[in-house]
Structure formats: structure tokens, C-alpha cells
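Encoded as C-alpha cells, the structure appears first; notes follow it.
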Amino acid sequence: MSAPAPSTLAIVDAKPLPRQEEVLTDAALAFVAELHRQFTPRRNELLARRGERRAEIARTSTLDFLPETAAVRADDSWKVAPAPAALNDRRVEITGPTDRKMTINALNSGAKVWLADFEDASAPTWENVVLGQLNLTDAYERRIDFTDPKSGKSYALKSADELATVVMRPRGWHLEERHLQLDGVSVPGALVDFGLYFFHNAQRLIDLGKGPYFYLPKTESHLEARLWNDIFVFAQDYVGIPQGTVRATVLIETITAAYEMEEILYELRDHAAGLNAGRWDYLFSIVKNFRDGGAKFVLPDRNAVTMTAPFMRAYTELLVRTCHKRGAHAIGGMAAFIPSRRDAEVNKVAFEKVKADKDREANDGFDGSWVAHPDLVPIALASFDAVLGEKPNQKDRLREDVSVAPGDLIAIDSLDASPTYDGLRNAVAVGIRYIEAWLRGLGAVAIFNLMEDAATAEISRSQIWQWINADVVFENGEHATADLARKVAAEELAAIREEIGEETFTAGKWQQAHDLLLQVSLDQDYADFLTLPAYEQLR
């Protein structure tokens, strides 16, 4: 008697989308189902391990480099695989979601790399998940164009040699994709995003002289990197492409991963392309993990925590040293400024700050950096051109002068700044505005001249939570309390209603966003990720 055929993926509670059959083919869904069967149990174990580690941090209020992996760190003989030609020069990378207009503009931007984002810059509506995949395949096939219905302006791709190399970012391990289920169990969003993209585009990208390249978000340990490496090995065999074709850049945007950078590169060494310094999620991770640690772990206003803060400097310098020791690219953080079409003075001041930030990264040894808007590409390019010249990177700068002790990475109290009442107002204002847009399906949103994504909302609500639970006293004498947060949120909601008018306000999701922000900011039971309760409301 033959074995029963394996179950197939079911599409659940999803309205049909135009051309979805090109993405959700039987063969592609069979591949995603196989990824789910093979790897979701390990993913579940690793998520449970995150909770255990967080409990240990709550008990000890400290972190250290892992004693059990000391041999990996001490062994100077290993390096990551050499970078493929398409990823050797990464001096400027632009980030953004995979809607049709952004796809064209990012590829045309003059940046060396486009982070095509299914994670923090994309609200995971079914439409964004499926049509984002379609847009990338259309771009590789050069059958993509876009005409803005409001302005009538048309967009089309430049010649192939002028386009950015795509590095795709799937969702983090904690998120499910409720619209794809196997035997009633939702498939992890990470496997859906990776699986559909890899299945449809791996060979297509090889034929274009590039390859399936990925950014891995919110990694918390080298064991999570090992899981990704095993997925890459399986996937390459499944579609019949050479091992080592995949390349992955890991975002070091959790405090636990900062203590395992070498081990993460080691686990991925045949597929590793580099590490990236992700600022807002990193700060969110510090708050999340050390929220019981008392006053010395209380962060000031997010805008007061620049990359020159001593504990942030320790993190970025260790990242550069670690990457270059192992032959990997070190990619710097985000310049999130969105130029104003109306205020030249705002632009002038902001451009100077962006230039200073990118100059610092280039001079510190980074091989490239991120921007959120095409107008910032030339600024970042100039900073890295000044240091790199004709060289594609500066991996030969080993930064052996850098020495970081375990305590340096969590020396939050080394920063001479305190939470302010204006910081609370800003956290509430940005949080409500971002969550409202996210609930409407927008993941990358310009707010107060900055491009904000889900990491923004996470640090905003985490800071409100932390300040209340630490009983912070602001400079105006007011105590951070739940009642004060509710008062500020009510005032902000009223101000938004007045600013945009009753009709627009009612058509939006403003009350829902206000309520959700307060829920995750005020609940004693701190939610691991804002996007988990938010996803339940994303319909």
C-alpha cells in the first residue's frame, strides 16, 4: 500500500487577488509546505528558547559572551564565503516595501542595493504579501511600470546595469501567515516570504548574474542563524542550484545577537554576506530584555540616543571588527529623513546631519549604509566614496584597535540624557500615527519628516511602558503614569481630528490605533511584539 500523499497548503479567508495564480502555483505552495513540515517545529522550539533566555536576563540583569562557543571566537582560521560580484560593493543601500511604485524607484535610485522589505516596512496584508512577490518577479522580467493615478506621472525601469541589487527581507520568526495553513496550522510568515520568493526567483536571478540574497531580521541567537542555514541548504537542493548561491546579511538588531555576532557568521559562513546595525529595533530589544533591571536601564528619548552614545558606539565598533575579522561586509544604520518639498531650511539641517552620520560610519570602517529616500543616496554615496575611492569595500580595515567588554554593550547609564515630557508626547504622537497607517496596510510611513516603520512603533510603546514602570519624573515635575499617557493620547487624538477633519478622521482607523497603542503601552503583561496583537486587527 502506497504512503498517502502529503497534505497541501490551504488558502484561508483570503479574497482572490489579480494574477495571484502566478505566485501561488501548486509547485510553489508544495515547496512552502515542505519548508513548514521540515522547519517549523525547530522554529517553535527557538521561540520558546527566547522566552527562557528573557527570564534569565530578568533574573540576572546582565548578558555575556557565550562560554560554550568560546572556541568559535578564538579560532582565527575561519572566514565567510567570498562575496559574489553583485554584493561586493554595497556602499549605499535603500530600503522600502515592495509596492509597484517603490519597486521601480528603489531599483532606479542609484543605490547599490535595495532591501526589498516584507518585514518592518510592510504591513502583512494578504495583498502586500502576494502582490509584493509579483512586483519583484515582474521587475526581474522587465514587465513592470506604474502610472500614479493622482499626478499622472509614469515610472519605468532604467537599463539593467543601472539597477540596484535586490536583497529581500522576509518577516521575523514570531509572525504567522494566517492565510496559508497546513492541516489547520498557520505557516510562519518567514517561510512564506522566503519560500515564494526563492522558488520563483532563485534561478531567474542567477540567469541575471545575481542570486537569491536575503536580509534576516530580529535574529536573537546563533541557533536561529543555524536554522536559516539549514533552510538555505535544503532550498538549494530542492530547486537544484549550487550550494552557496544564497547569501544572507543578518540584522544585529537584538541585544542578545550583539553577544553572538561571530557565532552567527560562523553558522551561516557558506551563505553569509555580512551584518547590519539596526538602531530602533536594537533599542526596543534592550528595553524588552532589561525592563526589570531598574533605573540604570531606562532609556532617554529615542532621538537622544544617537549612534555616538557610548553603548551604541561599542555595538557598532564591535560589529565592524567582527565582520572584517571574518571577511564579511559591515553595513551601517538607517538615515530615515524624508526631504520636505516645502521647507528648504529643514532639508539643509537634516542633510548636514545625514552627512555627519554617514561620514562617521565610513570613517569607522563600515562598508556601506542605509537610506530611506532616493534624495539621500547621493549624500551617503559621497561619504563612502571619500573613504573607499575605487575600492568596493574596506574589509581590509580590521579595526584591531577595538576592544569591547560585555558590560559596554549594556552600559545604558553611560549616556548623559533623561526622558522628557516632550519625548513622551512624541512617542504617543508617532505611535498613534504609525499604527493607524499600519492597520490600513501601510508599513512605511513618513511622520514628521522621518520614514517610520514597525521598529518605530515598537520603541515608542516600549519607552512609554518603561517610563511608567520605572516611575520616571520628567523635567516639568510630572510623573510618568498610565493616567498621564492616557491624557496625552486623548489630546493627540483630538489634535489629529482637528488637523485632518471629521470626515477623514472617521474614514481612518484612528481610535483603533489609539486604543492599541495604549493597550501595548499600559498592560502590565508586556507584549513581546506589538505586531502580534496588531495582526489580529489587520483585516
Side-chain angles (χ1 to χ4, degrees), residues 54 57-58 60-63 120 218 220 251-259 277-316 318-319 333-334 336 357 404 406-431 434 447-448 450 452-476 478-482 484-485 488 517 520-524 526-530:
R54 154 66 199 140
I57 294 168
T60 62
S61 288
T62 193
L63 273 170
D120 272 3
K218 295 182 176 56
E220 296 198 14
L251 290 123
I252 302 299
E253 56 184 354
T254 67
I255 187 62
T256 51
Y259 287 84
R279 176 175 164 197
W280 294 139
D281 263 323
Y282 189 73
L283 294 177
F284 154 53
S285 174
I286 289 172
V287 174
K288 176 160 68 172
N289 280 286
F290 289 93
R291 62 184 184 267
D292 317 291
K296 70 177 186 172
F297 290 105
V298 172
L299 283 170
D301 302 0
R302 70 165 180 146
N303 293 326
V305 189
T306 67
M307 296 308 260
T308 59
F311 69 99
M312 296 298 279
R313 194 120 182 87
Y315 149 63
T316 55
L318 180 62
L319 189 147
M334 169 74 87
D357 188 48
V404 174
D408 296 344
L409 293 167
I410 49 174
I412 312 306
D413 54 356
S414 63
L415 182 60
D416 185 21
S418 301
T420 69
Y421 181 73
D422 278 350
L424 175 68
R425 293 201 72 90
N426 182 258
V428 170
V430 172
Y434 179 80
I447 303 172
F448 308 145
L450 292 176
E452 308 287 13
D453 69 9
T456 303
E458 292 287 23
I459 187 61
S460 294
R461 65 96 181 192
S462 297
Q463 293 208 284
I464 299 166
W465 192 98
Q466 185 185 50
W467 295 344
I468 291 169
N469 283 273
D471 195 25
V472 162
V473 181
F474 297 120
E475 78 292 347
N476 64 359
E478 292 213 59
H479 283 254
T481 64
L484 180 63
V488 170
L517 177 69
V520 294
S521 301
L522 304 184
D523 276 4
Q524 270 307 114
Y526 178 95
D528 277 347
F529 293 95
L530 159 70

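Only this structure's heavy atoms are used, side chains among them; waters, hydrogens and symmetry mates stay out. Position 1 is the first residue of the sequence, and the numbers go up from there.
- For Ser462 (side chain) and Phe284 (main-chain N/O), no donor-acceptor pair under 3.5 Å exists by modelled atom type.
- Below 30°, between 30° and 60°, or above 60°: for Trp465 and Tyr526 the angle between ring planes is above 60°, a perpendicular geometry.
- Considering CG of Asp120 and CD of Glu452, their distance stands at 11.5 Å, rounded to 0.5 Å.
- Using a 4.5 Å cut-off on side-chain heavy atoms (C-beta onward), Asn469 and Arg291 make no contact.
- Note that the CG atom of Leu424 and the CH2 atom of Trp467 stand 6.5 Å from one another [nearest 0.5 Å].
- Closest heavy-atom contact between Val305 and Pro300: CG2-CG, 3.8 Å.
- Across Leu63, Leu299, Val298, Ile412, a single residue satisfies side chain to side chain contact (heavy atoms under 4.5 Å, CB included) together with Phe290, and that is Leu63.
- With hydrogens and angles ignored, the 3.5 Å screen pairs a side-chain donor or acceptor of Gln463 with a backbone N or O of Arg302.
- Under the 30°/60° scheme for interplanar angles, the aromatic rings of Tyr315 and Tyr282 are found to lie parallel.
- Distance NZ/Lys288 to CD1/Ile57: 10.5 Å, rounded to 0.5 Å.
- Using a 4.5 Å cut-off on side-chain heavy atoms (C-beta onward), Arg279 and Met307 make contact.
- In this structure the side chain of Asp281 never reaches within 4.5 angstrom of the side chain of Thr254, judged on heavy atoms.
- Atom OG1 of Thr308 and atom CG of Asp357 lie 9.0 Å apart (nearest 0.5 Å).
- Counting heavy atoms from C-beta outward, Asp471 and His479 have side chains that approach closer than 4.5 Å.
- Side-chain contact between Ile447 and Thr456: absent, with no pair of heavy atoms (C-beta onward) separated by less than 4.5 Å.
- The nearest pair of heavy atoms linking Ala277 to Leu319 is N-CD1, 4.0 Å.
- Side-chain contact of Thr60 with Thr62: a donor-acceptor pair under 3.5 Å is absent, judged by distance alone.
- Residues Asp292 and Arg54 are in side-chain contact: their nearest non-hydrogen atoms beyond the backbone lie under 4.5 Å apart.
- For the side chain to side chain contact (heavy atoms under 4.5 Å, CB included) with Phe311, the lone residue among Leu415, Leu409, Asp408 that qualifies is Leu415.
- In this structure, the side chain of Asn476 engages the main chain of Glu478 through a donor-acceptor pair within 3.5 Å.
- With sequence neighbours left out, the ring pair (Phe, Tyr, Trp, His ring centres under 6.0 Å) criterion links Tyr259 to Phe65.
- Between Gly293 and Ser61, the shortest heavy-atom distance links the atoms CA-OG, 3.6 Å.
- Of the candidates Asn426, Asp301, Val488, Val472, Val488 is the only one forming a side chain to side chain contact (heavy atoms under 4.5 Å, CB included) with Tyr421.
- Minimum interatomic distance between Asn303 and Trp280 (heavy atoms only, all atoms of both residues): OD1-CH2, 4.2 Å.
- Within the structure, salt bridge (charged side-chain N to carboxylate O under 4.0 Å, His left out) pairs that include any residue of residues 453-470 comprise Glu458-Arg461 (at least two apart or interchain).
- Taking all atoms of both residues into account, the shortest heavy-atom contact from Pro419 to Phe474 is O-CD2, 3.7 Å.
- A donor-acceptor contact shorter than 3.5 Å is absent between the side chain of Glu475 and the backbone of Ser418.
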